[in-house]
Amino acid sequence: MSSLYCQTFGHGETDLVLLHGWGLNTGVWHCIVDRLTPHFRVHLIDLPGYGRSQQYGEMELEEMTSVVLNNTPESAVWLGWSMGGLVASKAALMAPERVQALISVASSPCFTERSDEGWPGIKTSVLNGFENQLSIDFQQTVVRFLALQTLGTPDARKDAKQLNQVILSCPMPRVEVLNSGLRMLAENDLRSELVDLQPPFLRIYGALDGLVPRKIIPQLDQLWPSSHSLMIDHAAHAPFISHPEIFCQEIIYFVNNL
């Protein structure tokens with residue numbers, strides 16, 4: 001199988017791998033690359049089946065993570081947004097010696113609500129609804145899903161437009177790839193696996209996030225006491241778009257203090 005599409009910028013001493021979320025591609029990071037490149041060698045990767053890595057079909061989390069590991073530096077800080085956070089977390093579990101530190105952004109180890117456990121998340125019926133709609137009008141369904149990611153932010157309309165432009169910058173992922181991504185969000189639960197995570201771990205959240213509720217923060221603070229959590233006020237599911245300066249400052253500070 002051919003390599004994943006990857007762009008590398010910057011001349012810093014530390015490698016920083018950025019993984020995008022469901023339905024998107026490397027273009028989502030272009031708004032912050034210039035802030036990060038003075039400090040890092042930044043590697044932007046299109047996940048298998050997304051963006052310019054269209055040669056891949058549907059995958060489960062472990063298989064996708066293996067492919068990404070085969071296309072990344074031997075040692076790096078891994079930052080994953082939303083679904084990309086699951087992949088980055090799985091990489092830290094599968095190859096902890098290669099992950100200098102893990103940063104999850106608006107991500108959850110268990111995206112779906114588990115009401116019997118008091119665990120907040122996306123209702124399974126909502127994810128199933130998106131999967132059903134993909135077969136009817138997949139482009140509009142992706143746009144609707146992404147619109148949820150900016151709701152409530154001061155510049156929600158502008159932020160949503162930026163995400164839509166990212167979608168249009170590359171070929172759309174195939175329906176089966178998008179469906180397998182939704183199943184990845186619905187089926188995986190890494191809460192217990194990450195209890196004994198070896199690399200340093202920073203978790204960043206948006207206070208207004210409607211997909212990854214802020215209520216998970218204290219639960220994970222208790223479950224993973226060695227990790228660090230940060231909530232950005234007035235941000236929703238894409239804090240690096242709505243609050244790029246604060247976001248990048250926190251990343252630089254965290255890595256510099258490893």
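Please read these numbers as outputs of a predicted model, since none were measured by experiment. The first residue of the sequence shown is numbered 1, and numbering continues consecutively from there.
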Distance from [X] atom [atom1] to [Y] atom [atom2], nearest 0.5 Å?
X: His228; Y: Leu202; atom1: NE2; atom2: CG; value: 8.0 Å
X: Ile216; Y: Asp209; atom1: CD1; atom2: CG; value: 8.5 Å
X: Leu24; Y: Leu47; atom1: CG; atom2: CG; value: 10.0 Å
X: Leu18; Y: Phe240; atom1: CG; atom2: CZ; value: 9.0 Å
X: Met83; Y: Ser108; atom1: CE; atom2: OG; value: 14.0 Å
X: Ile217; Y: Ile204; atom1: CD1; atom2: CD1; value: 11.0 Å

Measure the shortest side-chain to side-chain distance between [X] and [Y] over non-hydrogen atoms and say whether it is less than 4.5 angstrom.
X: Phe247; Y: Ile32; result: yes
X: Leu182; Y: Leu178; result: no
X: Glu60; Y: Arg183; result: no
X: Leu79; Y: Phe254; result: no
X: Ser227; Y: Leu197; result: no
X: Pro73; Y: Val17; result: yes

Examine [X] and [Y] and state if one hydrophobic cluster contains both, with Ile, Leu, Val, Met, Phe, Trp and Tyr joined whenever side-chain heavy atoms are less than 4.5 Å apart.
X: Met94; Y: Leu86; answer: yes
X: Leu208; Y: Val105; answer: no
X: Tyr5; Y: Leu19; answer: no
X: Ile251; Y: Leu258; answer: yes
X: Leu223; Y: Trp119; answer: yes

Inset, instruction - Say whether Thr72 and Arg98, considering side chains only, have a donor N or O and an acceptor N or O under 3.5 Å apart. - result: yes
Legend entry - Side-chain donor-acceptor contact under 3.5 Å, Arg203 with Ser104: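 Side-chain D/A pair, Arg203 to Ser104: absent.
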Legend entry - salt bridge (charged side-chain N to carboxylate O under 4.0 Å, His left out) against Asp34, all qualifying residues, sequence neighbours excluded: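 Applying salt bridge (charged side-chain N to carboxylate O under 4.0 Å, His left out) to Asp34 gives none.
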Legend entry - Of all pairs that satisfy salt bridge (Lys or Arg N to Asp or Glu O under 4.0 Å), the ones with a partner from residues 76-92, not counting sequence neighbours: Lys90-Glu193
Inset, instruction - Please confirm whether Trp22 and Tyr50 have ring centers closer than 6.0 angstrom. - result: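 So the answer is no for these two rings.
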Inset, instruction - Please assess Arg114 against Asp189 for the test side-chain contact (heavy atoms from CB on, under 4.5 Å), listing each intermediate value before the final yes or no. - result: CA-CA 10 Å; Arg114 306 290 173 95; Asp189 182 354; 3.6 Å; yes
Inset, instruction - Please state whether the rings of His237 and Trp81 are parallel, tilted or perpendicular, taking 30° and 60° as the class boundaries. - result: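 Ring orientation of His237 relative to Trp81: tilted.
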Which atom names give the shortest non-hydrogen contact between [X] and [Y], and what distance separates them?
X: Leu4; Y: Tyr56; answer: CD2-CE1, 3.4 Å
X: Arg52; Y: Gln55; answer: O-OE1, 3.9 Å
X: Val177; Y: Gly57; answer: CG2-C, 3.9 Å
X: Ser107; Y: Val212; answer: O-CG1, 3.6 Å
X: Ile241; Y: Cys31; answer: CG1-SG, 4.0 Å
X: Gln219; Y: Gly118; answer: NE2-O, 3.0 Å

Flag yes if more than 12 heavy atoms outside [X] fall under 6.0 Å of its [atom1] atom; otherwise flag no.
X: Arg214; atom1: CZ; result: no
X: Gln222; atom1: CD; result: no
X: Gln165; atom1: CD; result: yes

Inset, instruction - Evaluate the side-chain contact (heavy atoms from CB on, under 4.5 Å) criterion for residues Phe130 and Leu134: first the C-alpha distance (whole Å), next the side-chain angles of each, then the deciding distance (0.1 Å), finally the verdict. - result: CA-CA 6 Å; Phe130 276 112; Leu134 280 172; 5.6 Å; no
Inset, instruction - In sequence, state the C-alpha distance, the side-chain angles, and the governing distance for Met184 and Met64, and then conclude on side-chain contact (heavy atoms from CB on, under 4.5 Å). - result: CA-CA 10 Å; Met184 192 181 296; Met64 178 177 283; 4.0 Å; yes
With a 3.5 Å cut-off and sequence neighbours excluded, list the donor-acceptor pairs that the side chains of residues 120-129 form with protein atoms.
from	atom 1	to	atom 2	distance (Å)
Lys123	NZ	Glu113	OE1	3.2
Asn128	ND2	Thr124	O	3.4

Inset, instruction - Determine, for Glu58 against Arg174, whether the closest basic-nitrogen to carboxylate-oxygen distance falls under 4.0 angstrom. - result: no
Inset, instruction - Please step through side-chain contact (heavy atoms from CB on, under 4.5 Å) for the pair Glu97 and Gln198, ending with a clear verdict. - result: CA-CA 9 Å; Glu97 73 283 356; Gln198 296 178 29; over 6 Å; no
Inset, instruction - Measure from the side-chain N and O atoms of Ser53 to the backbone N and O of Gly49, and report whether any donor-acceptor pair falls under 3.5 Å. - result: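 Such a contact is absent between Ser53 side chain and Gly49 backbone.
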Legend entry - With Phe9 via ring pair (Phe, Tyr, Trp, His ring centres under 6.0 Å) - residues at least two apart: none
Inset, instruction - Give every residue pair that meets the ring pair (Phe, Tyr, Trp, His ring centres under 6.0 Å) criterion with at least one member in residues 192-218, sequence neighbours excluded. - result: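 For residues 192-218, and leaving out neighbouring residues, the ring pair (Phe, Tyr, Trp, His ring centres under 6.0 Å) pairs sorted by first residue read Phe201-Trp224.
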Listed pairs under 3.5 Å, donor-acceptor, residues 35-44 side chains, sequence neighbours left out:
from	atom 1	to	atom 2	distance (Å)
Thr37	OG1	Val33	O	3.3
Arg41	NE	Asp15	OD1	2.9
Arg41	NH1	Gly12	O	2.6
Arg41	NH2	Glu13	O	3.2
Arg41	NH2	Asp15	OD2	3.0
His43	ND1	Thr8	OG1	3.1
His43	NE2	Asp15	OD1	2.7

